Every structure is written in structure tokens, then in C-alpha cells.
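Read through the structure below, which is laid out as C-alpha cells, and then see the notes.
Keep in mind that what you see is a predicted model, and the values were worked out from it rather than measured. Chain naming here is simple, since letters A, B, ... match the order of the sequence lines and numbering starts at 1 in each.
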Protein chains: 2
Amino acid sequence: MSDSQLRTYDTGAAAAPLTTREKLLRAAREVFAEHGLAHTRISDIAARSGVNRERVYGYFGSKEGLFDAVVNDALDELAEAVPLTAGEDLVEYVDRVHEFHRLHPQLLRLLLWEALHYRTEPLPGEEERQGRYREKVSALEQSLGAAEGHLQAAPTLFILIGLAAWPSVVPQLARLIMGADESENPEIMREHVLSFARSALRPTKEEAGA
Amino acid sequence: MSDSQLRTYDTGAAAAPLTTREKLLRAAREVFAEHGLAHTRISDIAARSGVNRERVYGYFGSKEGLFDAVVNDALDELAEAVPLTAGEDLVEYVDRVHEFHRLHPQLLRLLLWEALHYRTEPLPGEEERQGRYREKVSALEQSLGAAEGHLQAAPTLFILIGLAAWPSVVPQLARLIMGADESENPEIMREHVLSFARSALRPTKEEAGA
DNA sequence: ATTAGACCACCAACTCGTTTGTTGGTCAAC
DNA sequence: GTTGACCAACAAACGAGTTGGTGGTCTAAT
């Protein structure tokens, strides 16, 4: 966990004035999500945050340092905002993941930029992230009752996340295939995703019969 | 269709010597897929293609012009390499899409760079791409027999493509969740994807009973 | 109270490498 | 003799990272 979450997604709580570091992180998240690491100018971040360009180097050392901090920060929030509790209904989980990414496409863009950038090399903070998913996998193992005995926890989690995130990952493709009206209507898209998830997760004949 | 496909994925055919333009396109595809639009240096492309840097401007006008040409070219190949014929088994289609992206991750990277870059603005060549997918959708409509009456063609196509491509879109995430051994084993990953597709596509009780 | 010093941010100017895009000349081939 | 490629050098802009100086504020010692 990084020490300074932004909690952009929090609802209430007394709004403490942002520190300079937080202002930078918040602005950087937006700009990086928009333009990616390479196309982002430090001066844009400075301008948007209202903080002096030079401060970036004081706090984060370099552009990449800032980028990594931003990603870490955003990941913390994601983990907190979309937990997977043991025994929970999986379709509901898919719904929550889907909804989160629909409302906060920034994070996904950030992660995609990062994924493209770091190709297959290990990511910064790889172990910590692994830990997070290990927890989710074991929570999922308990959710997979007799009805879904045919599924393994890890790959199922992986694929369900994909299913939930896909519309936010490639909205252009959705538009090309489904047309703007359907693809940009949240309720319609949500229903497609959820009904697909329901289909895939419903018990097999044997499981139903048992 | 762009006039000069590279047919990187072709097996046989007499290997005509590449024109300068083709050499550039081929090299550019690799470098752009690797580094994205912003981080790619024209001189890298020139070096890899063995063509003079200056020729890029003669043929494509600018870096972006070259990028667009590369994407178009690659899309043509994708469409040709992974057709969807009417009446075909959908799981097989997923298999082919999955396999293609596993073997040629370049294209997906290219499209992701592009998607991130152009955000939600219309893409270059938007109508042409729409046309391609419209064909696929109507082919799919004929594949969806009584057994899958509960599915609509367009969103189903969209989601199935996602399912098939997901492991190649975020291999890092697969590694984090499933571990390197499983996630990098083609047969294992394939089986997970296909069995998920089978699950989702199997007939409902009513359809089976009917 | 006053002052010294630590801390933090602002600001402007500067270095310096990088990269795009251009141009004019040369050369071989068809 | 036209076409297409090579080549070398150039202009110009751009953007990362650095530095030195200014000034405000909070605290702790005098």
C-alpha cells in the first residue's frame, strides 16, 4: 500500500486540503491516463495541478517515478473499491467490477499504458500485486460452490475480470460492432455482460442433477 | 482495403522481393507494436527496415501517416486470417481468434496503442471497419441456432472476441493471477478460454428441452 | 516577544540531448 | 531521362531535468 491514497472515489469524509504531493498525484493520474507515459509533458501536470513543475522532481525524482507512484496509488484504490468477499455471488462481483471500470475508465487506461510499456518484464511492485490477487483467488475458491465445481478459481477470476472490463478496455470496438446507441448505453451493456456471466456460471447438467 | 498488404502470416506463395514501401511497413509494424506511437523513433524504423529515414516522408508524409497505414494494413490481415463463416461452430471461432492473437501479439498491441491514442474520437477508417464487423455479425446471426436463441449476435461477437483476446491483451495480469507456469502454457490457457466459451454458449434448459 | 533555522514552495533561466521533418545533391536502373 | 533510392547535413522545436535565488511559515531556542 502506498502511504498516500487519493481516495478520489470516496463519497464523504472531511475534505482535508490536498498536500502538494497529492495535488501532483491527482493531476498526474488524469494526464497520464489520457496521454500515456511518453506523450505526457511534466509541464501539463504542473499546470493542471497548479503546482510548480520543479516539485515533481523533489517528490518523485523523475517522470517515471511519478508514473509508478500514480499507478500504485490507483491500484490501492481499485483493491479497496472492489473487494471480493468469500462466498459472494460471482455475477454480482462481475457487476461491481464492470460498474467500477465504467465509472472510472482512467484506471484501466493507466494500467493498459503500463502494460504496453512494460511488455512482459516484471512490473514495479509485482509481488505486492500478486499478494492481492492471491487473496482474491482464495476468496473465490470459497465462492465456487458445488454448482460451479467445473471451474478453477484462478483462471475463472482472470476471465471474469476480463469480461467485466472489456467494454471499458475497447469502447471503440464495442461501438464498431454494436453501434454507438447500444454500446454507449450503460444498462444495455451491463445486461449483456451479466447475462453472459450468468450463462457461463450456471451449473452443468450433472451439477444440477446432483 | 489498403493496397499493399504484407501478408506476414501467409505460409507459402512465391516470396516476391519487398518493395521499399513494404519494407518500411513491415519494420514499422514491429517497432510501433513494441513502443507505441510516441516512443517510436523514425530512425529506428529506418534502421530496422534498411531503408533511408527520408523515404518515410516520401511515402507516408509523417510519423502518424505511417502509423495509420500500419494499422490499416494489419487490420486487413486480421480480417483475412480469421474469418467467421456463417453456420460455423462458435467455440471454434473463439479458438481461432485466440490462437491468432497468441501467435501474433503485435497486432493487438498495435490496436491497443491506437485505441488509447484516439480515445473515443472516431478512428481513421471507421466506416470501413464497421462494414467488416457488420458482415461478421450477420454471419454470426446464422450461426446462432435454436440452441443459442437467448443470445444476440452483435454483443455476443463483441464479448467472444474479448474472451479470446484477453490473455494476449493483459498477459501480465494473467501471470499475476494464475502464475507464470499456467498463464504461459498455451494449451492450459486455451483450455480455460474454450471451456469458458463452451459454458457460456451451451443451451439453456428450455432450449435443451425444446 | 524575537529571532534563527528548517522546511517548503515558487519562479525563471539554462543545459542539453533528442527527434521530426526538410533539402539539395549524387547515383544506379529501367 | 525519369524514377526512386541513398546520403549528409541542417533547422527548429521540444521537453526533461537542474540550479540558484526568493519568500513565506512554523517551531524552538534565546
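- The aromatic ring centres of B:H117 and A:H39 sit less than 6.0 Å apart.
- Atom CZ of A:R21 and atom C1' of C:dC7 are 17 Å apart (whole Å).
- Counting heavy atoms from C-beta outward, B:V97 and B:L160 have side chains that stay 4.5 Å or more apart.
- Contacts of A:V56 with the nucleic acid, taken as non-hydrogen atoms under 4.0 Å apart, are absent.
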**Message:** Walk me through whether A:E182 and A:R175 qualify under salt bridge (charged side-chain N to carboxylate O under 4.0 Å, His left out).
**Reply:** CA-CA 8 Å; A:E182 291 238 323; A:R175 195 178 61 222; over 6 Å; no
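- Under a 3.5 Å cut-off, the side chain of B:K63 and the backbone N or O of B:L37 do form a donor-acceptor pair.
- Taking atom CG on B:L66 and atom P on C:dG21, their separation rounds to 10 Å, with Å as the unit.
- The ring of A:H104 has its center closer than 6.0 angstrom to the ring center of A:F100.
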**Message:** Does the protein touch nucleotides 22-30 of chain C at the base, only the backbone, or not at all? Give it as B, S and - per nucleotide, heavy atoms under 4.0 Å.
**Reply:** BB-------
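- As rounded to whole Å, 15 Å separates atom P of C:dT18 from atom NZ of B:K63.
- Along DNA chain D, the nucleotide nearest B:T19 and the nucleotide nearest A:T40 are compared for position; the residue whose nucleotide lies closer to the 5' end is B:T19.
- Across all strands, B:F60 comes closer than 4.0 Å to no nucleic acid atom at all (heavy-atom distances).
- A:R96 contributes no side-chain N or O that, together with a main-chain N or O of A:V91, makes up a donor-acceptor pair within less than 3.5 Å.
- Panel note: side chain A:N52, backbone A:R55; no donor-acceptor pair is recorded below 3.5 Å.
- Among the atoms of the strands shown, only primed sugar atoms or phosphate atoms (P, OP1, OP2) are found under 4.0 Å from some heavy atom of B:G50.
- Each of A:L66, A:D73, A:V71, A:L24 was compared with A:R29 under the side chain to side chain contact (heavy atoms under 4.5 Å, CB included) criterion, and only A:D73 meets it.
- Taking every nucleotide of DNA chain D with any atom under 4.0 Å from a non-hydrogen atom of chain B, the first and last of them, 5' to 3', are D:dA5 to D:dA9.
- Side-chain contact between A:Q172 and B:E121 is absent, with no heavy atoms from C-beta onward closer than 4.5 Å.
- Between B:R55 atom CZ and C:dG21 atom P the separation is 15 Å, expressed in whole Å.
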